[in-house]
Amino acid sequence: MDLTVKPLNQWTACETAAAVARGEITPEAVVRACLDRIAERNDVIQAFVAFDPERALADARQAAQLPQAPLRGVPFAAKDILDSVDYPTEYGSPIYRGHRPAADAGCIALARHRGAVLLGKVATGEFATQTPSRATNPLRTSHTPGGSSSGSAAAVADGMVPVAFGTQTTASIVRPAVYCGVVGYKPSFGLIAPGGMKALSPSQDTVGVITRDVADAAFFTLGLHAARDVSAAAGLRPRIGLCLSRQWDYAQPATVAAIDRAAARLEQAGAQVERFWLPPQFEALEALQLRIFAFEARQSLAQERLHHADQLSPRLAARLRTEIGLDEHALMLQEAARMRAQVNLLFDRYDVLLYPAAEGEAEAGYDSAGSPRYGAIWTLLHVPCISFPLDIGPGGLPIGAQLIGPYGQDTRLLAAARFATQALDLPSAS
């Protein structure tokens, strides 16, 4: 779309930063356009749980004075599981109503230091678990936006911000991104420091981003150099392993068909695509991931569980009742570490793996945020994943997939995703 006619709130992060650097627009103008969109739509979408227009505009004017800052003027939001000094951080729970941390989470502090402008906090499932927030799907407000990064996906999809931080412990970035028709990037574990994030399962919790395109995910997290590498590599022809498993039994027919069509189109575009079955020892990690989560969440939320049980949702309270011994947890961590060493063997033949990101379209209603099963194995393995829509399902909402890369090879994964999304010509459900 011609940038002269596209509203500023719809500009990507890359477009915004480049135009600000050239002096064609000001950070304040971009932030004001996003704030106008929030004012227009947030009562319906309920993506933002805390925002202050005057503070955001003041921050935009301050960002304008940082000429060397690579993210200068780029508006962003942060999932309300990440601490922020300027806005309440409530972790999706009434236990922390009005809570004001003393400092920003590391990822927020770094983004602001690089010139990005925090517009506020967006909704999260309770402590980033499956108990949904009040956010709705902007593509159809009677449907879930997914969880637990519900507000992050909804805000980006609705044009409120080009980028939002999310977190993933099982599938909380890749699924809501697909449900809302945008891009969800879960980096390699630890690539974005988790300081200032409310812990849930520390051996798995990962900070990532939801954006409107792959280039923005690379730019906002890895920097301009990586974004250029990703763009330059978009013409390369990746080796893609179409990874089959028993989890496919739960995928809706439209999802399976869309992935099959995508594989054929990627081959036509020059990629090498080969089907293979995930070895059984990797499939067993789905159950292991749930057990590790159960132990670590019970420990991480001990204060809330022991002293504020009456303010936990019944769903979360039930999950926290599972008792697992220290010895079993240690053995589970050893098994996870062993399998992380073996996962590299899957990438001897392939640059990336292609896999479902969700069963199908976003579900109607708000009681469920969808199944996280398609992220469990890969999050436990600490490998990077990026999800995106493939097509519009029979109900008129997006269906999608994810690409998975080797640990630490995030630029390679993002380059393959850029190739794939360009070759597939991402759909729009708006």
Side-chain angles (χ1 to χ4, degrees), residues 6-21 23-67 69-90 98-124 133 135 138 149-166 182 196 209-212 216 219-220:
K6 184 164 69 170
L8 286 177
N9 66 292
Q10 294 181 16
W11 286 30
T12 68
C14 290
E15 291 166 348
T16 297
V20 167
E24 297 170 357
I25 58 173
T26 65
E28 185 174 356
V30 179
V31 167
R32 193 177 295 278
C34 290
L35 291 171
D36 287 346
R37 181 64 175 180
I38 295 168
E40 175 190 357
R41 293 276 289 171
N42 200 57
D43 285 348
V44 175
I45 306 303
Q46 299 191 63
F48 276 83
V49 295
F51 64 99
D52 182 341
E54 292 306 314
R55 180 178 298 279
L57 289 168
D59 287 349
R61 289 188 286 270
Q62 184 175 359
Q65 306 306 312
L66 303 171
L71 298 178
R72 184 162 58 118
V74 176
F76 75 103
K79 182 177 178 179
D80 199 33
I81 207 73
L82 299 163
D83 287 349
S84 58
V85 68
D86 290 334
Y87 297 95
T89 302
E90 299 180 344
H99 172 59
R100 300 298 293 256
D104 284 338
C107 60
I108 293 176
L110 282 173
R112 297 177 77 172
H113 176 72
R114 293 167 179 162
V117 181
L118 178 64
L119 298 197
K121 306 301 285 298
V122 284
T124 176
S133 73
S149 300
S150 48
S152 303
V156 171
D158 198 61
M160 296 177 179
V161 283
V163 182
F165 279 118
V182 289
V209 294
I210 294 178
T211 64
R212 293 194 202 113
D216 271 8
F219 173 48
F220 199 82

**Report entry** Shortest non-hydrogen contact from Val31 toward Ala60
**Finding:** CG2-CB, 3.7 Å
Report summary line: Ser133 and Ala135 have their tightest heavy-atom pair at OG-N, 3.1 Å
Requested in this report: Check side-chain contact (heavy atoms from CB on, under 4.5 Å) between Val49 and all other residues, then give those that pass, not counting sequence neighbours.
Outcome: Asp80, Lys121, Ala123
Query raised in the report: Say you draw a straight line from CG of Leu119 to CE of Met160; how long is it, rounded to the nearest 0.5 Å?
Result: 11.0 Å
Query - Asp59: salt bridge (charged side-chain N to carboxylate O under 4.0 Å, His left out) partners, not counting sequence neighbours - result: Arg112
Report summary line: Residues at least two apart in sequence or cross-chain that pass salt bridge (charged side-chain N to carboxylate O under 4.0 Å, His left out) with Glu24, listed by chain then number, are Arg22
Query - Heavy-atom check, side chain of Trp11 versus side chain of Ile25, under 4.5 Å - result: yes
Query raised in the report: Distance-only, no hydrogens or angles: does the Glu90 side chain make a donor-acceptor pair with backbone N or O of His99 under 3.5 Å?
Result: no
Requested in this report: Give every residue pair that meets the salt bridge (charged side-chain N to carboxylate O under 4.0 Å, His left out) criterion with at least one member in residues 151-164, sequence neighbours excluded.
Outcome: Arg37-Asp158, Arg41-Asp158
**Report entry** side-chain contact (heavy atoms from CB on, under 4.5 Å) partners of Arg32, counting only residues at least two apart
**Finding:** Glu28, Asp36, Leu57
Query raised in the report: Hey, what do you get for SG (Cys107) to CG (Asp83), rounding to the nearest 0.5 Å?
Result: 9.5 Å
Requested in this report: Give, for atom OG1 of Thr89 and atom CD1 of Ile108, the distance between the pair rounded to the nearest 0.5 Å.
Outcome: 7.0 Å
Requested in this report: Can you measure from OG1 (Thr16) to CG (Asp216) and round to the nearest 0.5 angstrom?
Outcome: 8.0 Å
Query raised in the report: To the nearest 0.5 Å, what is the distance between CZ (Phe76) and SG (Cys34)?
Result: 12.5 Å
Query raised in the report: Which atom pair, heavy atoms only, marks the closest approach of Val156 to Pro162?
Result: CG1-O, 3.9 Å
Report task. Step by step, work out the side chain to side chain contact (heavy atoms under 4.5 Å, CB included) result for Val20 and Thr26. Result -> CA-CA 6 Å; Val20 167; Thr26 65; over 6 Å; no
**Report entry** Test side-chain hydrogen bond (donor to acceptor under 3.5 Å, both in side chains) applied to Thr211 - qualifying residues, sequence neighbours left out
**Finding:** none
Requested in this report: Might you confirm whether atom CD of Glu40 has over 12 heavy atoms from other residues, nucleotides or ligands at distances under 6.0 Å?
Outcome: yes
Report summary line: Heavy-atom closest pair (Phe219 atom, Ala13 atom, distance to 0.1 Å) is CE2-O, 3.7 Å
**Report entry** Heavy-atom closest pair, residues Ala105 and Leu82
**Finding:** CB-CB, 4.2 Å
Report task. Output all residues satisfying side-chain contact (heavy atoms from CB on, under 4.5 Å) with Ala153, sequence neighbours left out; order by chain, then residue number. Result -> Pro176, Cys180, Ile210
**Report entry** With Ala64 via side-chain contact (heavy atoms from CB on, under 4.5 Å) - residues at least two apart
**Finding:** Pro27
**Report entry** Distance, nearest 0.5 Å, that separates CD1 of Ile38 from CZ of Phe48
**Finding:** 3.5 Å
Report task. Mark yes or no for whether Glu15, through its side chain, and Thr12, through its backbone, hold a donor-acceptor pair below 3.5 Å. Result -> yes
Report task. Without swapping roles, check the side chain of Asn42 against the backbone of Ala47 for a donor-acceptor pair under 3.5 Å. Result -> yes
Report summary line: Residues at least two apart in sequence or cross-chain that pass ring-ring contact (aromatic ring centres under 6.0 Å, His included) with Tyr87, listed by chain then number, are none
Report summary line: In terms of heavy-atom contacts, Val117 and Ala63 come closest through CG2-CB, 4.0 Å
Requested in this report: Can you sort out the partners of His113 under ring-ring contact (aromatic ring centres under 6.0 Å, His included), two or more places apart, ordered by chain and number?
Outcome: none
Query raised in the report: Quick check: does any side chain N or O of Asp104 sit under 3.5 Å from a backbone N or O of Val85, one acting as donor and the other as acceptor?
Result: yes
Query raised in the report: Run the side chain to side chain contact (heavy atoms under 4.5 Å, CB included) check on Val122 and Phe165 step by step: do they pass?
Result: CA-CA 9 Å; Val122 284; Phe165 279 118; over 6 Å; no
Query raised in the report: Taking only residues two or more places apart in sequence, or in another chain, which ones meet Ser149 in a side-chain hydrogen bond (donor to acceptor under 3.5 Å, both in side chains)?
Result: Lys79
